[in-house]
Amino acid sequence: MLDMAMFRENADAIRADHDRRGIPHDSIDEVIRLDEEWRKSQYDVDQLRRRRNEAARGIAEAKKSGDEAGAKAIMDEVSTIGSQIDDLTAHSEECLATRDSLRMSIPNILHEDVPVGEDDQKNTLHSLHGEKAELSFEPRNHNELIDMNGWVDQARGAKVAGSRFYFLQGDLARMEMALQQYGADFLIERGYTLIQPPLMMNREAYEGVTDLSDFETVMYGIEPDKYYLIATSEHPLTAMRMDEVIEPSELPIKMVGVSPCFRREVGAHGLSDRGIWRVHQFTKVEQIVICDPEDSWEHHEDLLTNAVDMWDSLGLHYRVVNICTGDMGTVAARKYDLEAWLPGAGAYKEVVSCSNCTDYQANRLRMRYRTSDGNSAVHTLNSTAIATSRALVAIMEQNQLEDGTVSVPEILRAYMGGKTTLEPVAKGD
RNA sequence: GCCGAGGUCGCAUAGCCCGGUAUUGCGCGGGCCUGGAAAGCCCGUGGGAUUUUUCCCUCGCGAGUUCAAAUCUCGCCCUCGGCGCCA
């Protein structure tokens, strides 16, 4: 959510940003109008309250000096002021609530270097890492590999839960755990604190970190307890300091979260999504930074560097893209994606997303730090390190051998008892 | 789940019984003092509006009683302690 000061003092900057995104200004103008109306009616409410407070002091004064008749006179005079205040307050509060729910839907101000374009086709190449392996055979896609090796049981996942749920089995499950462990260790060594968050959040905290439409399309709600299953550990880790004033000496706060992630994936269908590429549940190792606004662009580059170093260390081929205006979403001011090469699919596909959300989440969360000039919103950043399901797909497709087995990236072998190849699950009998 | 005690400004604390302007300490910022510093003293320290001077809000959340609620009443949330259950 943008700071209200931005609408009052620099609305043209928001309008210019909407122009770059190709969206109309209506909401901005409406926020400004509602703000003016709120200020006007709130002023009237304040004046009435002022009269009430003065009367209350007068009554107290009169009673103290034993002037019961005087006290009674003032009481009669202001007997209806309470209901007047109630009426006016209702209107004032309505303006404020409407203003802010509209403000919640207005996206963050983009960084000036974000390329302009209407959809993901206009994302620009930032860098290319590793190279496409020359295979002497026709590559299989990961869906074929998991089937022929028995690494994922999709049919039974659907039976006990629903479509896009799955049982991860054998060596692939073991590598999934190795990826979690490796990803966490990698970031712990770079000074990040390992955090295992709650897997459910309440509505208020959740509204602080995400686009409101996500409640319909992304998050699972838990009834009757009114909790939401987290879609990523970014959400609880970022909301962790909600309603707090952070001492500057604590900044930057660097955390690595490891957790299961739950996503409804409403509306996602299609051949390209078969297998475990797009599923309702996976594990993710996530980087989170909460910092001084001065430093956030530097931290954004650091997060990207961490992701790049980690994916390089896995020996994978991928590219980094600079996300364009039309592909950006509401919360981030700038975003890089890592897209891994999938030879079976013949395409680069998203495996990491690295965002600077500037003060957008912090404003919603009322998350500030102390400055010599009052309290001020912090900046929040997040980046995937490893989303295990997608990393597994990238490793399977890039490291596949002619017989359908998969070589284990060297760096992971120590986490898998020295295993060098993923082998088929033994057919039970 | 049951019983008890709690939740007050960044932290800590007083006020609650008996309704009438949010207390004090620490921390932090500014000023005075100093060759410089420490100490000491003074001012400030949450959110909002504003005609820049003042006003309004804020004592876990919400409702009620009242001219007036941190204070009284009811409901809820959370924390701590004890008991019960339990991987």
Side-chain angles (χ1 to χ4, degrees), chain A residues 1-9 31-101 103-104 196-208 222-228 236 239-253 260 290-292 359 362-378:
Chain A
M1 181 168 72
L2 298 177
D3 195 313
M4 204 54 225
M6 180 81 91
F7 289 87
R8 291 179 190 153
E9 292 155 21
V31 166
I32 292 170
R33 190 190 68 76
L34 283 163
D35 182 53
E36 281 165 4
E37 192 173 339
W38 168 72
R39 282 193 282 177
K40 218 172 288 170
S41 67
Q42 188 58 39
Y43 182 80
D44 294 340
V45 170
D46 284 354
Q47 291 312 306
L48 279 175
R49 283 176 170 157
R50 177 184 190 169
R51 271 178 55 203
R52 183 179 62 183
N53 289 342
E54 281 164 358
R57 279 193 289 271
I59 292 164
E61 201 65 27
K63 287 201 166 184
K64 211 179 285 177
S65 61
D67 179 11
E68 286 296 330
K72 184 74 169 55
I74 304 174
M75 277 155 74
D76 289 345
E77 198 184 318
V78 295
S79 60
T80 60
I81 205 167
S83 59
Q84 287 180 57
I85 290 173
D86 288 347
D87 292 347
L88 266 174
T89 301
H91 179 246
S92 166
E93 281 176 356
E94 196 190 326
C95 288
L96 190 66
T98 313
R99 182 196 82 178
D100 284 343
S101 68
R103 188 154 61 113
M104 293 273 266
Q196 293 184 350
L199 304 184
M200 301 179 205
M201 287 170 67
N202 62 45
R203 177 95 193 189
E204 196 201 348
Y206 228 132
E207 283 184 353
I222 304 291
E223 294 292 346
D225 298 299
K226 304 283 191 291
Y227 291 128
Y228 294 87
M240 210 172 162
R241 302 296 190 115
M242 177 170 78
D243 283 322
E244 292 188 24
V245 178
I246 303 171
E247 294 297 337
S249 59
E250 276 196 82
L251 299 176
I253 298 170
I290 298 172
C291 70
D292 188 313
D359 62 358
N363 282 329
R364 284 192 186 179
L365 292 165
R366 299 166 299 278
M367 187 158 72
R368 297 149 297 160
Y369 74 115
R370 196 182 307 286
T371 75
S372 60
D373 190 29
N375 297 331
S376 179
V378 293

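Within every chain, numbering begins at 1; the chains are lettered A, B, ... in the order of the sequence lines, protein sequences first and strands thereafter.
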Classify A:K72 by what it touches in the nucleic acid, base, sugar-phosphate, or nothing, heavy-atom distance under 4.0 Å.
nothing
Rounded to whole angstroms, how far apart are CG on A:D76 and P on B:A68?
13 Å
Below 3.5 Å between N/O atoms, which protein atoms pair up with nucleotides 9-16 of chain B? Just atom names and distances, please.
residue: B:G10; atom: O4'; partner: A:R370; partner atom: NH2; Å: 2.4
residue: B:G10; atom: N9; partner: A:R370; partner atom: NH2; Å: 3.4

Given the rule in the salt bridge (Lys or Arg N to Asp or Glu O under 4.0 Å) test, do A:E37 and A:R33 qualify, once you have shown the distances and angles that lead to the verdict?
CA-CA 6 Å; A:E37 192 173 339; A:R33 190 190 68 76; 2.9 Å; yes
Can A:I253 and A:M240 be said to form a side chain to side chain contact (heavy atoms under 4.5 Å, CB included), step by step?
CA-CA 11 Å; A:I253 298 170; A:M240 210 172 162; over 6 Å; no
Full working for salt bridge (Lys or Arg N to Asp or Glu O under 4.0 Å) between A:K72 and A:D76
CA-CA 6 Å; A:K72 184 74 169 55; A:D76 289 345; 3.2 Å; yes
Rounding to a whole Å, what distance do you find between A:E250:CD and B:G27:P?
18 Å
In whole angstrom, give me the gap between the P atoms of B:A14 and B:U8.
11 Å
Rounded P spacing from B:G25 to B:G20 in Å:
23 Å
Quick one: stems involving RNA chain B, counted as three or more successive Watson-Crick or G-U pairs, both distances short of 3.5 Å.
B:1-7 with B:77-83, B:10-12 with B:24-26, B:27-32 with B:40-45, B:46-49 with B:54-57, B:60-64 with B:72-76
Using atom C1' of each nucleotide, how far apart are B:G47 and B:C42 to the nearest Å?
27 Å
With C1' as the reference atom in both, quote the distance from B:C32 to B:A37 in angstrom, rounded to an integer.
15 Å
P atom, B:C26 versus B:C76: distance in rounded Å?
41 Å
Would you indicate whether A:R51, at its atom CZ, is surrounded by more than 12 heavy atoms from other residues, nucleotides or ligands within a distance under 6.0 Å?
no
A:I246 has an atom CD1; how far is it from atom C1' of B:G46, in whole Å?
16 Å
Could you state the CD-P distance from A:E9 to B:A49, rounded to the nearest angstrom?
10 Å
Would you mind classifying the nucleic acid contact of A:I59 as base, sugar-phosphate or nothing, using non-hydrogen atoms under 4.0 angstrom?
base
Close N/O contacts between protein and nucleotides 55-66 of chain B (under 3.5 Å):
residue: B:C56; atom: OP1; partner: A:N53; partner atom: ND2; Å: 3.0
residue: B:C56; atom: O2'; partner: A:D46; partner atom: OD1; Å: 2.7
residue: B:C56; atom: O2'; partner: A:R49; partner atom: NH1; Å: 3.3
residue: B:C57; atom: OP2; partner: A:N53; partner atom: ND2; Å: 3.3

So if I apply the salt bridge (charged side-chain N to carboxylate O under 4.0 Å, His left out) rule between A:R370 and each of A:E247, A:E244, A:E250, which one comes out positive?
A:E247
Steps toward salt bridge (Lys or Arg N to Asp or Glu O under 4.0 Å) verdict (A:R203, A:E207):
CA-CA 6 Å; A:R203 177 95 193 189; A:E207 283 184 353; 3.0 Å; yes
Nearest heavy-atom contact between A:S376 and A:T371 is CB-CG2, 4.0 Å
In whole Å, measure the gap between the P atoms of B:U23 and B:C9 for me.
13 Å
Using a cut-off of 6.0 Å, state whether more than 12 heavy atoms not belonging to A:Q47 lie near its atom CD.
yes
Can a salt bridge be assigned to the pair A:D46 and A:R50 using a cut-off of 4.0 Å between side-chain N and carboxylate O?
no
Start with the C-alpha distance between A:E36 and A:I32, add both sets of side-chain angles, then the distance that settles side chain to side chain contact (heavy atoms under 4.5 Å, CB included), and finish with yes or no.
CA-CA 6 Å; A:E36 281 165 4; A:I32 292 170; 3.9 Å; yes
Atom CE of A:M201 with >12 non-hydrogen neighbours under 6.0 angstrom:
yes
If we take the P atom in both B:A70 and B:A5, what is their distance in whole Å?
23 Å
Taking the C1' atom in each of B:C59 and B:G7, what is the distance between them to the nearest angstrom?
10 Å
Give a yes or no on whether A:E94 atom CD has more than 12 heavy-atom contacts from other residues, nucleotides or ligands under 6.0 Å away.
no
Between C1' of B:U50 and NZ of A:K40, the distance in whole Å
15 Å
What verdict does the side chain to side chain contact (heavy atoms under 4.5 Å, CB included) test give for A:R52 and A:V78, after you've listed the backbone C-alpha separation in whole Å, the side-chain angles of each residue and the deciding distance to 0.1 Å?
CA-CA 7 Å; A:R52 183 179 62 183; A:V78 295; over 6 Å; no
Rounded distance (Å) that lies between atom P of B:U8 and atom CG of A:D243:
14 Å
Would you mind reading off the distance between A:D100 atom CG and B:G47 atom P, rounded to a whole angstrom?
16 Å
If you pin A:G82 and A:A56 to their nearest nucleotides in RNA chain B, which one's is more 5'?
A:A56
